[in-house]
K.L.:
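Pasting a structure below so you can have a look.
Since the structure is predicted, the reported quantities are computational estimates derived from the model, not experimental observations.
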Amino acid sequence: MRACRDACRAAGVAFRGRAVRADFIAAAVEELSRPTPRARFSHAILNPPYRKLGARSATRRALRRAGVEASNLYAAFLALAVRVLEPGGELVAITPRSFCNGPYFRAFRELFLREMSLRRVHVFESRSAAFADDDVLQENVILCGVKGAPPGAVLVSSSRGPDDAPTAARLVPYAEVVRPDDPERFLRVVPDGAGKDVADTFARLPARLEDLGVSISTGKVVDFRARGLLRPEPAADTAPLIHPAHLDAGVVRWPKFGKKPNALVDCAATAHLWMPSGTYVVVKRFSSKEERRRITAAVFDPAVVPCARVGFENHLNVFHRRGAGLPPLLARGLRAFLSSTLVDAYFRQWSGHTQVNAADLRNLTYPPLEAIERLGARTGDRALGQREIDSAVEEALGAGAPRGT
């Protein structure tokens, strides 16, 4: 407060301060539970704490009393700050970027975007620069919004870290950041022109997964729940268990001996965990920004891994058709598309954390079925180099499709 007083004095601004020693969540929930809340604020500036909230925790129960559903403390602080702002009030916050996408923050995004109009979003390209001491393995953003204001243009900018000059900045229509036809309400932060070209390419793609007759699910096998039935090597009473270590250059190669089990006992206790043998596309659920590709996709080919049924570990997303395999051409085309530089560049525009959720992949737009099958026919079932993948995808989408960065 002394720093604020001194800064205001230098600017000729009257200042009066009061420090409140209290639990912000408890105090805000109590205030909001009043028939007519007394405390309303014109401005809120936040660097909120970052910690996951258990679904049954006392804090989570308190938040629900105020109509707030949040899976992390930072989202809870933001949501309550929004609720206690007066109409026209302004909020500025520095937070991890994870709220921009994914199912865990959907309720928060809906509340925030219903109440606030974004005016500016600044993203830090380094995952560690802004929260170096807090082990926050995500990109970080500063956002600014006005409560109750109509949507308008949003200034989107980026820099490597808090002490670096901006590397890019664009004033964009609000609908570029929050698409009106997106039921997930993802926030897309695209500070440069090359990124806009990539986003425009995806805006032109006509298909959703349901249009292709494709579904996506997380793998059913949670290893710690099936620990007594996991086996390091295949045996007569087991079937293949596929986990991320089996993905190799776009193909599932099994078995692979190491720390992870290769098989699961096939018995009554595991009957609900299997999928029938068939051609599937699997994608790793976890990756970091520093990895060469955020999305790692591979084809599970029953000709390579002969079996009657197969189990997929929970750290994988599985593309399937009504719980069974995909036509091989479709599977190979999907693998090539998901492995392209174009998809990688687009995914990085709105995913700043380490997860690749099924909802994220479901939210992509895809080429039409015929184009994906042509892509599958061209790329086949062999391992491919990145240039070959990108060239095939560019050809399938048309000569004008950008290759990303």
K.L.:
Decide yes or no on side chain to side chain contact (heavy atoms under 4.5 Å, CB included) for Arg293 and Thr341, but give the supporting numbers first.
P.N.:
CA-CA 8 Å; Arg293 284 287 172 267; Thr341 299; 2.5 Å; yes
K.L.:
To the nearest 0.5 Å, tell me how far Ser339 OG sits from Glu388 CD.
P.N.:
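CD of Glu388 is found 12.0 Å from OG of Ser339.
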K.L.:
Report the distance from atom CG of Leu361 to atom CD1 of Ile216, rounding to the nearest 0.5 Å.
P.N.:
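Atom-to-atom, Leu361:CG and Ile216:CD1 are 4.0 Å apart.
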K.L.:
Can you tell if the side chain of Glu86 reaches within under 4.5 Å of the side chain of Ser42, non-hydrogen atoms only?
P.N.:
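Yes, close enough: below the 4.5 Å cut-off.
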K.L.:
Specify the closest pair of heavy atoms between Pro367 and Ala371, including all atoms of both residues, with the distance to one decimal.
P.N.:
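It is CB-CB, 4.0 Å.
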K.L.:
Would Leu397 and Leu342 count as a side chain to side chain contact (heavy atoms under 4.5 Å, CB included) if you check the C-alpha gap in whole Å, the side-chain angles of each, and the deciding distance to 0.1 Å?
P.N.:
CA-CA 11 Å; Leu397 300 186; Leu342 176 69; 3.4 Å; yes
K.L.:
Charged N to carboxylate O below 4.0 Å: is that the case for Lys196 and Asp200?
P.N.:
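Result for this pair is yes, salt bridge flagged.
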K.L.:
Could you point out which residue of Phe112, Phe108, Phe99, Phe24 forms a ring-ring contact (aromatic ring centres under 6.0 Å, His included) with Phe77?
P.N.:
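Single ring-ring contact (aromatic ring centres under 6.0 Å, His included) partner of Phe77 among Phe112, Phe108, Phe99, Phe24: Phe24.
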K.L.:
Please check if the number of heavy atoms outside Arg5 that lie under 6.0 Å from its CZ is greater than 12.
P.N.:
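More than 12 heavy atoms, drawn from other residues, nucleotides or ligands, come within 6.0 Å of this atom.
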K.L.:
Could you tell me whether a side-chain N or O of Arg109 sits under 3.5 Å from a main-chain N or O of Asn101, the two making a donor and an acceptor?
P.N.:
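Flag set: sc Arg109 to bb Asn101 pair under 3.5 Å.
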K.L.:
For a 4.5 angstrom cut-off between non-hydrogen side-chain atoms, does Arg208 reach Thr365?
P.N.:
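A side-chain contact under 4.5 Å exists here.
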K.L.:
Between Val251 and Ala298, which heavy-atom pair has the shortest distance, and what is it?
P.N.:
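Shortest heavy-atom separation between Val251 and Ala298 comes out as N-CB, 3.6 Å.
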K.L.:
Please determine whether the number of non-hydrogen atoms from other residues, nucleotides or ligands lying under 6.0 Å from atom NZ of Lys220 exceeds 12.
P.N.:
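Atom NZ in Lys220 is packed in, count exceeds 12.
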K.L.:
Show me the donor-acceptor pairs within less than 3.5 Å that the side chains of residues 312-337 make with the rest of the protein, sequence neighbours left out.
P.N.:
unit_1 : atom_1 : unit_2 : atom_2 : d
Glu313 : OE1    : His315 : N      : 2.9
Glu313 : OE1    : His315 : ND1    : 3.0
Glu313 : OE2    : His315 : ND1    : 2.7
Asn314 : OD1    : Arg285 : NH1    : 3.0
Asn314 : ND2    : Gly219 : O      : 2.8
Asn317 : ND2    : Val356 : O      : 2.7
His320 : ND1    : Gly323 : N      : 3.0
His320 : NE2    : Ser217 : OG     : 2.9
Arg321 : NE     : Gly213 : O      : 2.9
Arg321 : NH2    : Leu212 : O      : 2.7
Arg335 : NH1    : Gly250 : O      : 3.0
Arg335 : NH2    : Gly380 : O      : 2.8

K.L.:
Closest heavy-atom contact between Asp344 and Arg348?
P.N.:
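Scanning both residues completely, I find the closest heavy atoms to be OD2-NE, 2.9 Å.
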K.L.:
Working to the nearest 0.5 Å, report the span between OG of Ser117 and NZ of Lys147.
P.N.:
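So the OG of Ser117 and the NZ of Lys147 are separated by 13.5 Å.
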K.L.:
Does the side chain of Leu338 reach to within under 4.5 Å of the side chain of Val281, using non-hydrogen atoms?
P.N.:
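Heavy-atom side-chain distance check passes, below 4.5 Å.
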K.L.:
Nearest 0.5 Å please: distance from the NZ atom of Lys256 over to the CG atom of Asn262.
P.N.:
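Taking NZ in Lys256 and CG in Asn262, the distance rounds to 10.0 Å.
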K.L.:
Distance-only, no hydrogens or angles: does the Arg83 side chain make a donor-acceptor pair with backbone N or O of Val29 under 3.5 Å?
P.N.:
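Between the backbone of Val29 and the side chain of Arg83 there is no qualifying donor-acceptor contact (under 3.5 Å).
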K.L.:
I'd like to know whether Val393 forms a side chain to side chain contact (heavy atoms under 4.5 Å, CB included) with Val343, so could you lay out the CA-CA distance, the side-chain angles of the two residues, the decisive distance to 0.1 Å, and finally the verdict.
P.N.:
CA-CA 10 Å; Val393 170; Val343 171; over 6 Å; no
K.L.:
Of all the heavy-atom pairs spanning Leu53 and Ala70, show the shortest one and how long it is.
P.N.:
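Reported closest heavy-atom pair: CD1-O, 3.9 Å.
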K.L.:
Taking atom CG of Leu91 and atom CE of Met116, what is their separation to the nearest 0.5 Å?
P.N.:
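Rounded to the nearest 0.5 Å, the CG-CE separation comes to 5.0 Å.
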K.L.:
Pairs under 3.5 angstrom only: tabulate donor-acceptor contacts from the side chains of residues 272-279 to other protein residues two or more places apart or in another chain.
P.N.:
unit_1 : atom_1 : unit_2 : atom_2 : d
Trp274 : NE1    : Asp266 : OD1    : 3.3
Trp274 : NE1    : Thr270 : O      : 3.2
Trp274 : NE1    : Thr270 : OG1    : 3.3
Ser277 : OG     : Cys307 : O      : 3.0

K.L.:
A side-chain contact here means heavy atoms from C-beta on lying under 4.5 Å apart; do Ile142 and Phe124 qualify?
P.N.:
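In contact.
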K.L.:
State, without any angle test, whether Arg60 and Ser71 hold a side-chain donor-acceptor pair at a distance under 3.5 Å.
P.N.:
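Side-chain D/A pair, Arg60 to Ser71: absent.
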K.L.:
Over all heavy atoms of both residues, which pair between Gly195 and Val190 is shortest? Give the atoms and the distance, please.
P.N.:
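Closest heavy-atom pair between Gly195 and Val190: C-CG1, 3.3 Å.
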K.L.:
Can you find a pair of side-chain heavy atoms, one from Arg120 and one from Ser157, that are under 4.5 Å apart?
P.N.:
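When only atoms from C-beta onward are counted, Ser157 and Arg120 do touch, with a gap below 4.5 Å.
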K.L.:
Given the rule in the side chain to side chain contact (heavy atoms under 4.5 Å, CB included) test, do Leu111 and Val68 qualify, once you have shown the distances and angles that lead to the verdict?
P.N.:
CA-CA 8 Å; Leu111 181 150; Val68 171; 4.3 Å; yes
K.L.:
Under a 4.0 Å threshold between the charged nitrogen and the carboxylate oxygen, would Glu370 count as salt-bridged to Arg374?
P.N.:
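Salt bridge: no.
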K.L.:
Below 4.5 Å, heavy atoms only, C-beta onward: do Leu230 and Leu264 meet side chain to side chain?
P.N.:
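Yes; the side chains approach each other to less than 4.5 Å.
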K.L.:
Supply the atom-to-atom distance Ile94 CD1 to Ile45 CD1, rounded to the nearest 0.5 angstrom.
P.N.:
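Rounded to the nearest 0.5 Å, the CD1-CD1 separation comes to 12.5 Å.
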K.L.:
In the structure I gave you, are the side-chain heavy atoms of Tyr280 and Val310 within less than 4.5 Å of one another anywhere?
P.N.:
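Of all side-chain heavy-atom pairs linking Val310 with Tyr280, at least one is under 4.5 Å.
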K.L.:
Less than 4.0 Å between a side-chain N and a carboxylate O, is that true for Arg188 and Glu176?
P.N.:
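The answer is no: the pair does not qualify as a salt bridge.
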K.L.:
Any carboxylate oxygen within less than 4.0 angstrom of a Lys/Arg side-chain nitrogen, looking at Glu184 and Arg362?
P.N.:
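A salt bridge is absent here (no side-chain N lies under 4.0 Å from a carboxylate O).
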K.L.:
How far apart are the closest heavy atoms of Ala76 and Ile25, and which atoms are they?
P.N.:
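That would be CB-CD1, 4.1 Å.
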K.L.:
Answer yes or no: is there a donor N or O on one side and an acceptor on the other, between the side chain of Arg253 and the main chain of Val304, under 3.5 Å?
P.N.:
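It does not hold such a pair.
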K.L.:
Does some side-chain heavy atom of Asn357 sit less than 4.5 Å from a side-chain heavy atom of Asn363?
P.N.:
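The answer is no; the side chains never approach within 4.5 Å.
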K.L.:
Quickly, which of Tyr74, Tyr104, Tyr50 forms a side chain to side chain donor-acceptor pair (under 3.5 Å) with Ser98? Name it, please.
P.N.:
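Of all the options given, the one that passes is Tyr74.
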K.L.:
Does atom CG of Leu171 have more than 12 heavy-atom neighbours from other groups under 6.0 Å away?
P.N.:
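Enclosed: over 12 neighbouring heavy atoms sit under 6.0 Å from CG of Leu171.
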K.L.:
Is it the case that the side chain of Ser158 and the backbone of Thr167 share a donor-acceptor pair, with hydrogens and angles ignored and the cut-off at 3.5 Å?
P.N.:
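Looks like no, no N/O pair under 3.5 Å.
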